[in-house]
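Values in this document were obtained by computation on a predicted structure and should not be read as measured data. To find a chain, count down the sequence lines: A is the first, B the second, and so on, and within it residues start at 1.
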Number of protein chains: 2
Amino acid sequence: MNTTDAKALLKTHISKVTTLTDEQFDYIFSHFQYQQYKKGQTIVTEGRPVNCEYFVLSGCLKSFFINDELKMFILQFAMPTWWTSDYNALYSQHKATINVDCITDAEVLCLSNEDREKICREIHNVEYFFRWRTNKGYVASQKRLLSFMNNNVKYRYEELLALYPELYNIVPKNLIAAYLGVSRETLSRLYTPEK
Amino acid sequence: MNTTDAKALLKTHISKVTTLTDEQFDYIFSHFQYQQYKKGQTIVTEGRPVNCEYFVLSGCLKSFFINDELKMFILQFAMPTWWTSDYNALYSQHKATINVDCITDAEVLCLSNEDREKICREIHNVEYFFRWRTNKGYVASQKRLLSFMNNNVKYRYEELLALYPELYNIVPKNLIAAYLGVSRETLSRLYTPEK
DNA sequence: TTCCAGATGTGATGTAGATCACGTGATGGC
DNA sequence: GCCATCACGTGATCTACATCACATCTGGAA
């Protein structure tokens, strides 16, 4: 993807929420940095500082946590026009406690914490945009939590696929299982006829 | 609590995050409405419209969901200086899908959706404050989700009490169980010596 | 072409927590 | 002061899902 397309994607994304003049948009775009990654590459690493958040242009990322028994839990998949990072570490300026890596080859725009705060301070509508975006994330997270407490694996699996059908083709089942918080064996058994 | 104290509590709370002149604070405070509730009273009701979010001055609220089998799941407790509402319904202008009620007698300041948006638009630092607050909520929600997937009930119970020791004395165990997503019986058995 | 690692299926067995059932003690409304 | 309701404990049993073990298939690297 060339810079023009990347710019258009971000602009369309932001325009759905707030209005910016072309000059304002050019200005904020100048704070983003284009980056390309290969399948399997790590973008955010546990234990290292986190400086940026990432706007996905193409491909698919995952943010995940590995516990002491080396079991992986996926917090979020990130498809084009989604944002991702270790927000806990980013906002509180701690080292990362989660990882972000690439499920497929991917292109992102990265925005540093300082630059986000700077453009939020400088342009009120940008501040509004990021408030809106975090609201969305918060509400989605609450819904997922509720579904976790309320629904069994099969329901949650179907809910996920209904919401993001494209994941079915891109993401291997063991990662879907790690998102649902279930073992890959159990996920695999969901649709086998009961003996 | 009188208006002066309520005002001071909100002001202190906001001042930790951003700076407002006295005039600005007086102005935004004029958009809040003081309300008093008795233990057990409902503030937000499933199926009804939601217009406001609530800043807790005193007492303890809970926001919760009741599923088809009448099982209750608690999304959040709200103690003094916490905010609560059905944010999903509030932002998207749908009817409430969750309830908010009072675990103890409580006093709140309520702020309508339109007024929040209005004061956010009018005062940049207020927009900043609400972005910051939602960030906090988002990060906390992600952490809880992770703990849910990663830790067993006992660990989550101790984590909750370590974070909010005051809940132990105020909130009955069946509600703690509903927050942890576990049956009250299991919670009750956590500390009985194994037979 | 060969080979190896990753993705997936499936059987056998273990276990955390759910559910049902019942009992006791506290408390608050009338 | 009575009684209904709620909070809480605890035994017996059930079940969804985890874990371990092993097999098959596939695609990509050497």
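The residue B:Gly40 sits apart from the nucleic acid: no heavy atom pair falls under 4.0 Å.
Nucleotide C:dA18 holds its C1' atom 11 Å from the CZ atom of B:Phe73, rounded to whole Å. Atom CG of B:Leu187 and atom C1' of C:dA16 are 14 Å apart (whole Å). The interatomic distance linking A:Asn174 (CG) with C:dG9 (C1') rounds to 13 Å, in whole Å. Remark: C1' of C:dG17 and OH of B:Tyr191 are 16 Å apart, rounded to the nearest angstrom. For the pair A:Met149 CE and C:dA18 C1', the interatomic distance rounds to 16 Å; values are reported in whole Å. Distance CG (B:Leu190) to P (C:dA18): 10 Å, rounded to an integer number of Å. Rounded to whole angstrom, the span from the CG atom of B:Asp105 across to the C1' atom of C:dG28 amounts to 14 Å. Between the P atom of D:dC8 and the OH atom of B:Tyr168 lies a distance of 9 Å, rounded to the nearest Å.
Listed nucleotides D:dA21, C:dC22, C:dG11 differ in distance to A:Arg184; the shortest reach to its side chain belongs to D:dA21. The side chain of A:Arg189 approaches C:dT10 more closely than any other nucleotide in the set C:dA18, D:dC8, C:dT10. Here D:dC17 is the nucleotide among D:dC17, C:dA7, C:dT10 with the atom lying nearest to any side-chain atom of A:Asn152. The nucleotide whose nearest atom lies closest to any side-chain atom of B:Val182 is, among C:dG9, C:dG17, D:dC8, C:dG17.
A salt bridge links B:Glu53 to B:Arg133: one of the charged nitrogens lies within less than 4.0 Å of a carboxylate oxygen. A:Glu159 has no carboxylate O lying under 4.0 Å from a charged side-chain N of A:Lys143, or vice versa, which leaves the two without a salt bridge. Between A:Arg131 and B:Glu117 there is a salt bridge, since at least one side-chain N of the basic residue sits less than 4.0 Å from a carboxylate O of the acidic one. Of the charged side-chain nitrogens involved, at least one lies within less than 4.0 Å of a carboxylate oxygen, so that B:Asp22 and B:Lys11 count as a salt-bridged pair.
Between B:Lys39 and B:Lys154, the residue whose closest nucleotide on DNA chain C is further toward the 5' end is B:Lys154.
At the phosphate of D:dA18, neither OP1 nor OP2 sits under 4.0 Å from any side-chain N or O atom of A:Lys71. The side chain of B:Thr186 places an N or O atom within less than 4.0 Å of a non-bridging phosphate oxygen (OP1 or OP2) of C:dA18.
A:Trp82 and A:Tyr164 have their aromatic ring centers within a separation under 6.0 angstrom.
Below the 3.5 angstrom threshold, one finds a donor paired with an acceptor across the side chain of A:Glu185 and the base of D:dC20.
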